[in-house]
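In this chain, residues are counted from 1 in sequence order. Atoms within each ligand, like the ligands themselves, are counted from 1 in listed order.
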Amino acid sequence: MSGSVIPVPRAGVSAPALTPRRFVPRPVVGLLAVIVAALIVYGAWVVWGTAEHDPLRDAWLYCAIGALAAGAVGVRAVLVATDRTAMLLLSTGLFLWVGGDVYYTAVVVPIDPQPPVTIADVFYLALYPFLIASLIMMLRSRVSRPPASLWLDALLSALTVAAIAFIWVTGLLVGGDDDPAAAIVNGAYPALDLLTACMIAAILTLLNWRLERMWIMFLIAAGCLAAFDVAYFAGVLEGEMRPGLLLDFGWLLALVLLAFAAWAPPAVVSPPSIGWRGVAVPMVVISLATAVIVFGDFVQVPVSSTVLATTALIVGGGRVAVAFIAVSGDAALRRQQREDSITGLGTRRLVYLRLDDAIAELAPHRECIVLVFDLNGFREVNRSLGHAAGDELLRQVGARIAHGLGREAVVGRVAADEFVAVLTDVASRATVVARANRVIDAVSVPFRIAQTEIEIGACVGLAVCPQHAFTREGVLKAANAALARAKKTRQPVVVFNPDLDELESGTLSLSQDLRRGIRAGEIVCYFQPKLDLTDGLVHCVEVLTRWRHPREGMIFPDVFIPLAERGGFMGAFTRAVLREALSQCRRWRAAGLDVQVAVNLSVTNLVDGDMPGDIGRMLSETEVPANRLILEVTETVLTADETKARQVRGDLQAIGVEISVDDYGKGYSSLRQVRSLHASEVKLDAEFVTGVAENVEQAAIVSSTVKLAHELGLRLVAEGVETRADLAAVARLGCDEAQGYYIRRPAPEEEITKWLWQREGKPWQGLAKHRRSASEQVTAAG
Ligand code: C2E
Ligand code: CA
Ligand code: CA
């Protein structure tokens with residue numbers, strides 16, 4: 001039995017879904033072991049065996065090991081979806097290389113003297129484009145949009161490598177009496193190796209040197225390939241035409257390393273950021289290019305090399321500019337992350353960083369004190385005077401706190417009206433408590449905002465590291481527990497005391513846990529049907545959320561909605577609920593159940609200017625018609641930042657979603673005020689409905705509310721129908737819809753779907769009778 005889990009989208013880079021430990025299937029482990037064993041046998045055979053050509057060792061065993069390595073990469077492509085195309089490319093490249101080996105041993109070896117360039121070289125060289133393409137593919141699956149700097153790095157590396165390669169090749173052409181084709185082909189190997197190594201370096205730069213094992217292995221394999229190619233090239237320069245057996249071993253080793261790299265478990269990579277390390281690659285490459293130009297002063301360097309190196313330096317200039325822009329953008333972002341835009345004080349992030357530092361560097365016999373401030377009545381100011389006044393108030397409060405605590409304090413705003421201060425290396429706790437008292441006094445002096453005198457109070461909870469806790473979480477939790485005590489007992493300053501109420505620390509840790517719970521998909525949607533009393537059918541279900549807490553069990557919205565509101569993540573929460581509600585609606589519609597879904601919005605959602613646009617987007621993504629979505633808002637919304645709220649409501653109305661006024665009667669607004677919300681229905685609070693059959697006063701309220709609602713063109717929904725008698729009464733009194741435990745308790749998706757199918761097309765028994773008597777009453781009265 002499970003409700004529908006709300007998936008919260010993961011930001012950033014797509015993460016391979018496999019866990020490292022179980023990544024390599026057992027048969028593949030066997031295959032890799034065989035390859036290693038064969039390589040060891042080959043190596044030993046080379047060292048202790050004959051230096052002459054041995055067909056069993058140099059043809060059969062050699063090609064078999066190469067083919068097995070290429071095959072292992074092929075198996076990786078077949079079995080694992082992650083990086084499949086990349087592995088397919090790599091495997092193809094390796095097979096081509098092996099093909100070159102087969103050709104070499106079968107055709108080239110018997111020829112005497114051996115030609116310097118053969119068809120085998122074409123096969124060998126074919127590995128590189130495949131290897132490079134596969135690296136690019138792997139990079140692309142990890143970074144969605146490579147920044148300009150990467151392309152510049154790649155260009156820079158390529159130009160420099162080309163400049164160096166030209167010296168080599170030209171040197172050969174000038175110095176040697178060999179075949180120029182041989183020089184070019186043999187020079188191509190180390191040049192391509194260098195290019196591959198540069199590419200891997202650039203990739204690592206882009207991944208911010210998060211050394212995924214796979215990339216390290218690729219780097220080692222490429223390094224190995226390059227080292228042996230260079231050794232061979234040196235041999236060619238000396239006039240040696242035939243590679244030694246040790247070189248053969250080296251190449252084979254590189255191949256096997258590539259196979260192992262392919263099977264290294266891919267790690268979850270976090271999005272790249274450009275740090276100082278981003279400069280390392282271009283610096284090395286630019287130095288090399290400079291060296292080529294300087295070198296040209298002493299020995300003869302071909303013009304093409306100088307031109308290429310100069311171009312590389314020009315590109316390098318561009319690269320430095322790009323890096324500078326990235327770094328300055330980074331700095332702006334970092335400032336944004338550390339400075340609260342309203343108060344100019346620190347952000348939560350900054351305070352946490354400072355607290356971490358303070359705890360790490362705490363000297364013996366010294367203390368670090370954390371103060372958590374909370375304002376009383378800030379919400380009311382925000383509601384009655386609007387956000388601009390609220391922001392101004394926060395700014396002034398922040399200034400008084402910072403001033404009162406003195407220079408040494410790091411002060412930040414961590415939630416809507418919550419400030420945290422960290423005082424490090426404190427010698428006397430008493431002075432801090434005295435200062436905290438002074439701050440509270442200062443904050444209770446009235447503020448002047450927009451020609452209005454505003455009086456608000458504040459209280460503060462205080463905790464000490466290391467006395468109360470040794471970690472950041474621990475001290476903050478303790479300070480919050482002290483704050484809760486302060487609020488409860490109406491004391492201005494409370495220092496944490498380990499005996500503080502269990503329950504207080506319980507709800508506090510819960511609040512910290514909610515963010516995690518949302519991310520972990522622990523919030524589930526339950527659904528409760530609304531029964532249409534005119535035709536006895538169910539056309540709509542309300543979405544009610546539950547928190548399936550791993551330790552605390554089921555937690556109800558009355559507990560966690562206020563936590564989300566306080567924590568400032570109600571926007572994300574509601575969007576997640578809407579997304580799930582609309583997906584469910586779409587599934588029902590696809591199965592042939594045409595039901596509306598009603599989603600509860602909170603006060604903050606209704607002053608969130610992005611909400612209408614986001615809802616519109618979700619509707620079109622799920623292809624649910626707008627009139628299938630009802631948004632339930634409480635009438636207290638009427639008193640929130642009205643200009644903003646009106647605009648948001650107007651936008652919602654323009655989309656075509658219905659608005660329902662929830663908990664009507666609990667607050668103090670009149671139905672006429674409700675009408676200005678452009679709602680299409682009103683939900684009469686359960687307080688007036690439950691037990692209505694036995695209470696004449698309640699019946700009179702329901703009856704008159706129904707009449708007025710109908711006059712104003714609003715549907716009336718009775719909430720809290722708990723008994724058969726309640727249902728009969730609300731039907732008789734003319735309510736349009738009913739909702740309550742008697743009809744159906746809220747339940748997870750599967751249960752409700754089953755229930756909806758059972759009821760599909762079958763009107764609720766016995767309702768028509770009550771409706772008829774209601775209309776008779778009206779006729780009789782008329
Ligand atoms: P609400 O919108 O008034 O929802 C109706 C509440 O009354 C639900 O409680 C429901 O389980 C309960 N109820 C239904 N039938 C009966 C009945 O016959 N008798 C009684 N006594 N109660 C009945 P629940 O699910 O605990 O939700 C409580 C409140 O939490 C909701 O009140 C709603 O304001 C809020 N809430 C729930 N889910 C969300 C959400 O996703 N977003 C927001 N913003 N608020 C939510
Ligand atoms: Ca509701
Ligand atoms: Ca309600």
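- At under 3.5 Å, a nitrogen or oxygen of Asp663, whether backbone or side chain, sits near a nitrogen or oxygen of ligand 1.
- Every pair passing ring pair (Phe, Tyr, Trp, His ring centres under 6.0 Å) that includes a residue from residues 581-611 is listed here, sequence neighbours excluded: Phe527-Trp588.
- The closest non-hydrogen atom to atom 24 (P) of ligand 1, taken over Pro557, Gly720, Ser660, comes from Pro557.
- Taking a cut-off of under 4.0 Å to the non-hydrogen atoms of Ser602, the atoms of ligand 1 that pass are 44 (N).
- The minimum heavy-atom distance linking Thr690 with Asp726 is given by the pair CA-OD2, 3.8 Å.
- When the ring pair (Phe, Tyr, Trp, His ring centres under 6.0 Å) test is applied to Phe688, no partner is found at least two apart in sequence or on another chain.
- Close N/O approach between Tyr741 and ligand 1 is found [any backbone or side-chain N/O within under 3.5 Å].
- Those atoms of ligand 1 with a heavy atom of Arg546 less than 4.0 angstrom away are 11 (O), 24 (P), 25 (O).
- Counting heavy atoms under 4.0 Å from ligand 1, residue Pro746 touches it through the side chain alone.
- For ligand 1, the polar-atom distance check finds no N/O of Tyr742 at less than 3.5 Å from any of the ligand's N/O atoms.
- Closer than 3.0 Å to the Ca ion (ligand 2) sit the protein N, O or S atoms Glu542 OE2, Asn600 OD1, Glu632 OE1, Asp662 OD2.
- Scanning the protein for heavy atoms near atom 34 (O) of ligand 1, the closest one is Asn600 OD1, 4.3 Å.
- Distance check on atom 2 (O) of ligand 1: some protein heavy atom falls below the 4.0 Å cut-off.
- Of the N or O atoms in Thr690, none lie within a sub-3.5 Å distance of an N or O in ligand 1.
- Lys487 meets the side chain to side chain donor-acceptor pair (under 3.5 Å) test with Asp374; sequence neighbours excluded.
- If you check the side chains of Thr347 and Glu339, you find no donor sitting under 3.5 Å from an acceptor.
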